[in-house]
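All remarks here apply to the structure that follows.
Throughout, a chain's letter reflects where its sequence line sits, starting with A, and its residues are numbered from 1.
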2 protein chains.
Amino acid sequence: MDKNELNEEEMRLWHTWKGSFHRIFGRVIKDMSERTGLSEGDYGILDRLALFGNGSLRQQELADSMDWDKSRLSHHLTRMEKRGLVMRKSLDTDRGVLVIITSAGQSALDDARPVAAAAIRKHFLDQLTDLDVESIMKLAERTKARPAE
Amino acid sequence: MDKNELNEEEMRLWHTWKGSFHRIFGRVIKDMSERTGLSEGDYGILDRLALFGNGSLRQQELADSMDWDKSRLSHHLTRMEKRGLVMRKSLDTDRGVLVIITSAGQSALDDARPVAAAAIRKHFLDQLTDLDVESIMKLAERTKARPAE
DNA sequence: ATTCCAAGGTTGATACGTCAACCATAGGCT
DNA sequence: AGCCTATGGTTGACGTATCAACCTTGGAAT
């Protein structure tokens, strides 16, 4: 078959895959942000600060654990700082910056945990069969490496 | 088990699912946009105008077929119009607007087709097993309906 | 004929993502 | 000492997504 075009079925597969993701992910995110005021990024950051960092992390560590680049994180932290969810404190030992969860951030996180869990369970986990679980885990394994150029 | 928290495995499943999507989708989009100058939205719009609409569509029809709301489409068309990919023409029969692909838009689309196909094939289709295909199609079927509130 | 409403769009504000340019400095090299 | 570079961050610009407010007008209801 011609490598330069997709047939009906291939196209449908691509659109279906995209569609399912957006639908499910969108439901989770909307549920969560409407009920907690936290976006997915907010939640991920607070979660890592609290659990992985025990309250604080260097910005670079945080960026690595989120798999975000430093610019994206910097912008996001600026917004979160404005809302009082985190604080930044420059280290004088080296030129790094320590990101610290505030008490407002901590309680927002505490409130959000059960909501996030419920949303993920309802819209995602509860929809999956064993087949889906197997497919998800194996596909991730298979695609983790960079593709050959 | 407590319905209000997720265990290790459930969390890993969620993160893995999100991660795979972003990784694969990101590769396709980046490949495509770098080589063609068209974003996914641009491509989807031009594709529908050309094939589904035979060159033009009412804005509302276009929005429906993209599954976008009118505001999102309006903003996007404004940007595309500025780049000369489409034109807008108001209908005097009713208060609708006709969106028309320009010749620049048509040739951008023609150039992009094989690139898009190759990117989707390489990063997505070629990574899938029969198991994945089955999972994708069935999950979509299962989650299509609105969730019960 | 008025009134009212829904359809079809636009606009502005704000959040989010990405890219490239920039800045400061700690450490290594010569 | 003087120079270089990698590290760690910030910033501005631009594209994209969402939400709410708004505008216009064709028709329906009374």
Which atoms of nucleotides 12-16 of chain D (N or O only) lie under 3.5 Å from a protein N or O atom, and what are those distances?
from: D:dG12; atom 1: O6; to: A:His75; atom 2: NE2; distance (Å): 2.7
from: D:dT16; atom 1: OP1; to: B:Ser39; atom 2: OG; distance (Å): 3.0
from: D:dT16; atom 1: OP2; to: B:Arg79; atom 2: NE; distance (Å): 2.8
from: D:dT16; atom 1: OP2; to: B:Arg79; atom 2: NH2; distance (Å): 3.4

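- As a whole-Å value, the separation of A:Asp69 CG from C:dC16 P is 15 Å.
- Following rounding to the nearest Å, B:Leu91 (CG) and C:dG8 (C1') show an atom-to-atom distance of 11 Å.
- Summarising the geometry, the separation between CG on B:Leu77 and C1' on C:dT11 is reported as 14 Å, rounded to the nearest angstrom.
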What's the verdict on side-chain hydrogen bond (donor to acceptor under 3.5 Å, both in side chains) for B:Asp132 and B:Ser135, showing C-alpha distance, side-chain angles and the deciding distance?
CA-CA 5 Å; B:Asp132 299 324; B:Ser135 165; over 6 Å; no

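- In this structure, B:Trp68 atom CH2 and D:dC19 atom P are separated by 15 Å, rounded to whole Å.
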Nucleotide N/O to protein N/O under 3.5 Å, stretch nucleotides 2-4 of chain D:
none

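- Judged as a ring-ring contact (aromatic ring centres under 6.0 Å, His included), the pairs with a partner in residues 69-106 of chain B (not counting sequence neighbours) are, in order, B:Trp68-B:His76.
- Of the residues in residues 58-66 of chain A, A:Gln59, A:Gln60 come within less than 4.0 Å of DNA chain D through at least one heavy atom, sorted by number.
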Please assess B:Arg48 against B:Met66 for the test side-chain contact (heavy atoms from CB on, under 4.5 Å), listing each intermediate value before the final yes or no.
CA-CA 8 Å; B:Arg48 280 164 181 78; B:Met66 297 283 291; 3.4 Å; yes

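- Residues satisfying the ring-ring contact (aromatic ring centres under 6.0 Å, His included) criterion with A:Phe124, sequence neighbours excluded, are B:Trp14, B:Trp17.
- A donor-acceptor pair under 3.5 Å is absent between the side-chain atoms of B:Gln59 and the main chain of B:Val99, judged by distance alone.
- With rounding to the nearest 0.5 angstrom, the CD atom of A:Glu5 is 12.5 Å from the CD1 atom of B:Ile120.
- Between A:Ile29 atom CD1 and C:dG17 atom C1' the separation is 15 Å, expressed in whole Å.
- Between the A:Thr102 side chain and the A:Gly84 main chain, a donor and an acceptor come within less than 3.5 Å of each other.
- Each end of the helix from C:dA1-D:dT30 to C:dT30-D:dA1 yields a helix axis from five base pairs, and these two axes differ in direction by 0° (to the nearest 10 degrees).
- Rounded to an integer number of Å, the gap from CG of A:Leu73 to P of C:dT18 is 13 Å.
- Remark: B:Asp69 pairs with no residue by the side chain to side chain donor-acceptor pair (under 3.5 Å) rule, at least two apart or across chains.
- For B:Arg23, the side chain to side chain donor-acceptor pair (under 3.5 Å) criterion is met by A:Thr143, B:Ser20, not counting sequence neighbours.
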Might you list the N or O atoms of the protein lying below 3.5 Å from N or O atoms in nucleotides 21-26 of chain C, with each pair's distance?
from: C:dA26; atom 1: O4'; to: A:Arg95; atom 2: NH1; distance (Å): 3.2

Going through the distances and angles, do A:Arg58 and A:Asp94 end up as a side-chain contact (heavy atoms from CB on, under 4.5 Å)?
CA-CA 11 Å; A:Arg58 307 193 38 146; A:Asp94 59 20; 2.7 Å; yes

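- Each ring-ring contact (aromatic ring centres under 6.0 Å, His included) pair with one or both residues in residues 81-108 of chain A, not counting sequence neighbours, would appear here, but there are none.
- A:Asp31 has its CG atom 17 Å from the C1' atom of D:dT18, to the nearest Å.
- Applying the salt bridge (Lys or Arg N to Asp or Glu O under 4.0 Å) test to B:Arg79 and every residue at least two apart in sequence or in another chain returns nothing.
- OP1 and OP2 of C:dG9 both lie 4.0 Å or more from every side-chain N or O belonging to B:Ser74.
- The nearest whole Å value for the distance from the NZ atom in B:Lys82 to the C1' atom in C:dT11 is 12 Å.
- Within the 4.0 angstrom heavy-atom criterion, only backbone atoms of the sugar-phosphate kind lie near B:Lys30; the bases stay farther away.
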Output, in order, the C-alpha distance, side-chain angles, deciding distance and verdict of side-chain contact (heavy atoms from CB on, under 4.5 Å) for A:Leu73 and A:Ile45.
CA-CA 9 Å; A:Leu73 181 60; A:Ile45 287 172; 3.8 Å; yes

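- In the model, B:Ser90 has no side-chain atom that pairs as donor or acceptor with a side-chain atom of B:Arg95 under 3.5 Å.
- Residue pairs satisfying the salt bridge (Lys or Arg N to Asp or Glu O under 4.0 Å) criterion with at least one member in residues 100-119 of chain B, sequence neighbours excluded, are listed as follows: B:Asp47-B:Arg113.
- B:Asp42 and B:Ser39 are linked by a side-chain donor-acceptor pair at a separation below 3.5 angstrom, with hydrogens and angles left out of the test.
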